[in-house]
Amino acid sequence: MKASGGGDVGADQHRSVAPGTSVSSMGLRSVMRVRFAPSPTGALHIGGARTALYNWLLAHGPGDGPEGGAAAGRGSFVLRIEDTDRERSTEANVAQIIDALAWLGLDWDEGPVSQLANTPRHQEVLAQLLARGQAYHSSAGAEDVKAFKLAHGAECGFRGEPEPSGAVRLRVPQEGETGFVDLVRGELRFPNASMDDPVIARADGSVLYNFAVAVDDLDARITHVVRGDDHISNTPKQLLVFRALGAEPPLYAHLPMLLGPDGKKLSKRHGAASVQELRDRGYLPEAVNNYIALLGTGFDPDEEFFTMAEMAARFRLDRVSRSPAVFDERKLRHLNGQHLRALTLDELTERLERFTGRSGLREAVAISREKIQTLADFWPLAGFFFDGPADDPAAFDRVVGAAGAREVLLQARDALAVLEHFDAGSIERVLRELVDRLGLKPGEVFQPLRVAIAGTTVSPGIFESLALLGRERSRALIDAALARAQARA
RNA sequence: GCCCCCAUGGUCUAGUGGUCAGGACGCCUCCCUUUCACGGAGGAGAUCGCCGGUUCGAGCCCGGCUGGGGGUACCA
């Protein structure tokens, strides 16, 4: 493998920016250490799942060093729960997120670590910044900041005066700008003068997100921070923390948002927004991963079906789209069908049995797999093999009640009765002979039979279905349909 | 208000100065055919957000505008 994107990225890092600018300029690293750091304030939705996936792909990919992963070894994926928001974080949400990641197969190498558990270290670093005068206590609240802006201009960042107590604010330099080279967007700069001194700890001493993240990423020796673009404006604040500590910051990459079909930010009110919902709707984790990976980057000009290994081998941050993408469940369905059919019969059967809670599905799966796109499509199509014909009176009256249909069923029953071997091939032969003998169109014979055994107009192939039901059940079902037709006539 | 990000068919994308802007989903037609699918062959659908500029030549480079979006919390 030859040197790829990683080398270019490294070069970009050293592109000169304006004087007085603090730019993250970490050199090449051979082993990537990435992290996924969700806050447990809700279910893991597909936007978060994609962020986790991209991080996972990076850790399992060829690496960003000149020699790629072969020389550097695989990267590490750290799972950190950002639970510093004590009001909204819940254990149930943590469990839900872990469950979703596990289902997707996005396994982590370290963690889950609780950000809250790192409190002693946060306090230590906070005290250090305070002692050095890089941070200061301030009782200024939102109103004070507003008043400050009114007096100094809206584009002027808030600067407070040190006080004996109160919340802790980080001192932002008045000069220069804080910038970095975003791995997906390129160079981003923020004028220091317009940035408020951010609050990094509450008056009670508990630390806030932007401070805790920087400390944790530093301690965990994270090399690449890949997260949603709603964090872009947080990045300079975190960079300033690294700078105050005299530490080298990681590289950053911000992913575009995922939107609902209405073009609005994805939320609970959009049908299948959470990973669990997708699972319940019968989607396969490999299809979900494949689909959400595609929402944001292309792996190949004319191929879209990929396994996790293929995606990991090809994924590149500098190929990630900069614009938000709309989640389209129809395309997920299509891809799911592809992945479904790529599974071995045994594997598909196992998943279907887990999904439906039923067993002994193998033969039915074998004759249904071409006709379904999700696991949820199976039972409506093949449930009649196990629970008897579906209840669809309209279809029954229309097809079995049609002129001549009863005669056809009678003839078919008798033809089937004398078959030596009740297998699909034999059944097809004898039924096609019947079609010829009666001078009918194939559908005029097959549809009444289908409705007789399945109860509805949709089922797997009629010959295979009859064969699977077996001679006795097929005959009983046809007789029952005949009797029912008689009763309704 | 202020700081910042984004912009290729309905949707996801390819395209990185020079073939009729390529592929996929969806849609339509046809083939296969026993329903539904799968598979195969076609088709409709894009003034590459707008206006300027650079250039012999711009979807690709630059500027402005418009329209979306994010942040602006003692949330994450």
Side-chain angles (χ1 to χ4, degrees), chain A residues 37-41 82-89 115 138-142 145 149-150 153-158 166-169 182 185 188-191 194-196 198-210 212-213 228-237 254 256-257 259 261 263-265 291 294-305 319 321-335 337-338 341 368-373 377 381 395 399 428 431-432 435 441-447 449-451 454 456-463 465:
Chain A
S39 64
T41 54
E82 312 245 303
D83 49 6
T84 48
D85 183 343
R86 299 149 306 176
E87 304 286 288
R88 301 186 299 160
S89 298
Q115 186 158 61
S138 166
S139 63
V145 172
K149 301 253 184 196
L150 231 40
E155 68 293 325
C156 182
F158 175 78
V168 179
R169 283 183 188 270
D182 189 287
R185 284 153 212 279
L188 261 31
R189 305 166 169 196
F190 301 79
S194 65
M195 223 182 296
D196 293 337
V199 174
I200 56 177
R202 301 182 179 92
D204 67 5
S206 59
V207 299
L208 260 23
Y209 173 74
N210 282 124
V213 178
D229 72 5
D230 48 334
H231 284 289
I232 288 182
S233 47
N234 284 329
T235 308
K237 298 174 191 172
H254 291 95
M257 197 119 285
L259 274 21
K264 299 239 172 66
K265 187 176 174 178
Y291 177 67
L294 251 23
L295 277 184
T297 191
F299 293 96
D300 185 289
D302 42 42
E303 185 55 56
E304 297 201 319
F305 180 99
R319 300 281 310 170
S321 164
R322 286 161 307 271
S323 54
V326 174
F327 176 78
D328 179 14
E329 194 174 341
R330 291 175 304 184
K331 186 156 183 175
L332 203 211
R333 273 189 72 81
H334 172 261
L335 228 28
Q338 303 279 312
R341 269 164 243 118
S368 304
R369 61 184 314 182
E370 299 274 278
K371 301 173 184 296
I372 61 175
Q373 286 188 298
D377 293 342
L381 183 76
V399 179
E428 171 164 13
L431 287 181
R432 286 199 188 281
V435 167
K441 283 185 286 189
E444 292 177 296
V445 171
F446 304 150
Q447 274 308 80
L449 268 173
R450 186 187 312 284
V451 175
T456 184
T457 57
V458 180
S459 82
I462 189 67
F463 316 125
S465 294

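A note on names: the letters A, B, ... follow the listed sequences, proteins ahead of strands, and every chain is numbered from 1. Because the structure is predicted, anything quoted here is derived from the model rather than measured. As a basis for the values below, the full set of heavy atoms in this structure was taken, side chains included, without hydrogen atoms, waters or symmetry mates.
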Between A/L381 and A/S368, is any pair of side-chain heavy atoms under 4.5 Å apart?
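Yes - at least one pair of side-chain heavy atoms lies under 4.5 Å apart.
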Could you tell me the separation between the NZ atom of A/K149 and the P atom of B/C3, rounded to a whole number of Å?
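Between P of B/C3 and NZ of A/K149: 10 Å.
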Could you give the distance separating B/C28 and B/G10 at their C1' atoms, to the nearest angstrom?
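It comes out at 15 Å once rounded to the nearest Å.
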To the nearest Å, how far apart are A/N210 CG and B/G70 P?
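Answer to the nearest Å: 18 Å.
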Between A/D182 and A/R322, is there a salt bridge with N-O shorter than 4.0 Å?
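So A/R322 does not pair with A/D182 through a salt bridge.
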So what does A/S465 hit on the nucleic acid, given a heavy-atom distance under 4.0 Å: a base, only sugar-phosphate, or nothing?
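The answer is nothing, as A/S465 stays clear of every strand by at least 4.0 Å.
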Taking it one step at a time, do A/T235 and A/H254 satisfy side chain to side chain contact (heavy atoms under 4.5 Å, CB included)?
CA-CA 10 Å; A/T235 308; A/H254 291 95; 3.0 Å; yes
Between B/C4, B/C2, B/C74, which nucleotide has the shortest distance from any of its atoms to the side chain of A/P191?
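Minimum distance to the A/P191 side chain belongs to B/C4.
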Letter per nucleotide, 5' to 3', of nucleotides 33-46 of chain B [B base touched, S only sugar-phosphate touched, - untouched; heavy atoms, 4.0 Å]:
-BBBBSS-------
Spacing of the C1' atoms in B/U54 and B/A46 (rounded, Å)
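Approximately 26 Å lies between the C1' atom of B/A46 and that of B/U54.
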Between A/V207 and A/K237, just flag the one whose closest nucleotide in RNA chain B comes earlier from the 5' side.
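The answer here is A/K237.
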Distance between P atoms of B/G9 and B/G49 (Å, rounded)
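That atom pair is separated by 7 Å.
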Does some side-chain heavy atom of A/H231 sit less than 4.5 Å from a side-chain heavy atom of A/V213?
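Heavy-atom side-chain distance check fails, nothing below 4.5 Å.
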Using whole Å, report how far CZ of A/R169 lies from C1' of B/A73.
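Those two atoms, CZ and C1', are 10 Å apart.
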Does a side chain donor of either A/R319 or A/T297 reach within less than 3.5 Å of an acceptor in the other side chain?
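There is no such pair (donor and acceptor under 3.5 Å, judged by atom type) between the side chains of A/R319 and A/T297.
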Of the candidate nucleotides B/C6, B/C74, B/C75, which contains the atom at the shortest distance from the side chain of A/R88?
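Among B/C6, B/C74, B/C75, the one nearest the side chain of A/R88 is B/C75.
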Separation of the P atoms in B/G18 and B/C25, to the nearest angstrom
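To the nearest whole Å, 28 Å.
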Which value, in whole Å, describes the distance between the P atoms of nucleotides B/G23 and B/A44?
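To the nearest whole Å, 12 Å.
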Detail all sub-3.5 Å separations between protein N/O atoms and N/O atoms belonging to nucleotides 8-13 of chain B.
residue: B/C12; atom: OP1; partner: A/V326; partner atom: N; Å: 3.0
residue: B/C12; atom: O2'; partner: A/L294; partner atom: O; Å: 3.0
residue: B/C12; atom: O2; partner: A/K331; partner atom: NZ; Å: 3.4
residue: B/U13; atom: OP1; partner: A/G296; partner atom: N; Å: 2.9

Using the P atom on both, measure B/C4 against B/U8 and round to a whole Å.
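Each nucleotide's P atom is 23 Å from the other's.
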Looking at A/K149 and A/D196, is there a salt bridge between them, counting it only when a charged N and a carboxylate O are closer than 4.0 Å?
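A/K149 and A/D196: salt-bridged.
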Less than 4.5 Å apart, side chain to side chain, heavy atoms only: is that true for A/V399 and A/R450?
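A side-chain contact is absent here, since even the closest heavy-atom pair is not under 4.5 Å.
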Does A/S233 reach the side chain of A/M195, with side-chain heavy atoms less than 4.5 Å apart?
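With C-beta onward as the side chain, the pair stays apart.
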Check the distance between B/G22's C1' and A/D302's CG and give it to me in whole angstrom.
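In whole Å, B/G22 C1' and A/D302 CG are 8 Å from each other.
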To the nearest Å, how far apart are A/R189 CZ and B/C4 C1'?
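Taking CZ of A/R189 and C1' of B/C4, I get 14 Å after rounding.
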Rounded distance in Å - CG (A/D204) to P (B/C74):
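My rounded result for the distance is 13 Å.
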Distance between the C1' atoms of B/C38 and B/G45, in whole angstroms?
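After rounding to an integer number of Å, I get 26 Å for this pair.
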Tell me the interatomic distance from A/R333, atom CZ, to B/A24, atom C1', rounded to whole angstroms.
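After rounding, the reported distance stands at 17 Å.
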Applying side chain to side chain contact (heavy atoms under 4.5 Å, CB included) to A/K237 and A/F190, what does each step give before you reach the verdict?
CA-CA 10 Å; A/K237 298 174 191 172; A/F190 301 79; over 6 Å; no
Do A/D328 and A/H334 make a side-chain contact, defined as non-hydrogen atoms from C-beta onward lying under 4.5 Å apart?
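Not in contact.
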Residue pair A/F446 / A/R432, side-chain heavy-atom distance below 4.5 Å:
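Yes - at least one pair of side-chain heavy atoms lies under 4.5 Å apart.
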Atom P, compared across B/G40 and B/A24: separation rounded to whole Å
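Nearest-Å result for B/G40 against B/A24 at atom P: 10 Å.
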Roughly how many Å is it from CG in A/D229 to P in B/U72, rounded to a whole number?
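Atom-to-atom, A/D229 to B/U72, this comes out as 13 Å.
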More 5' along RNA chain B: A/V199 or A/E155, using each one's nearest nucleotide?
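The 5'-side residue here is A/E155.
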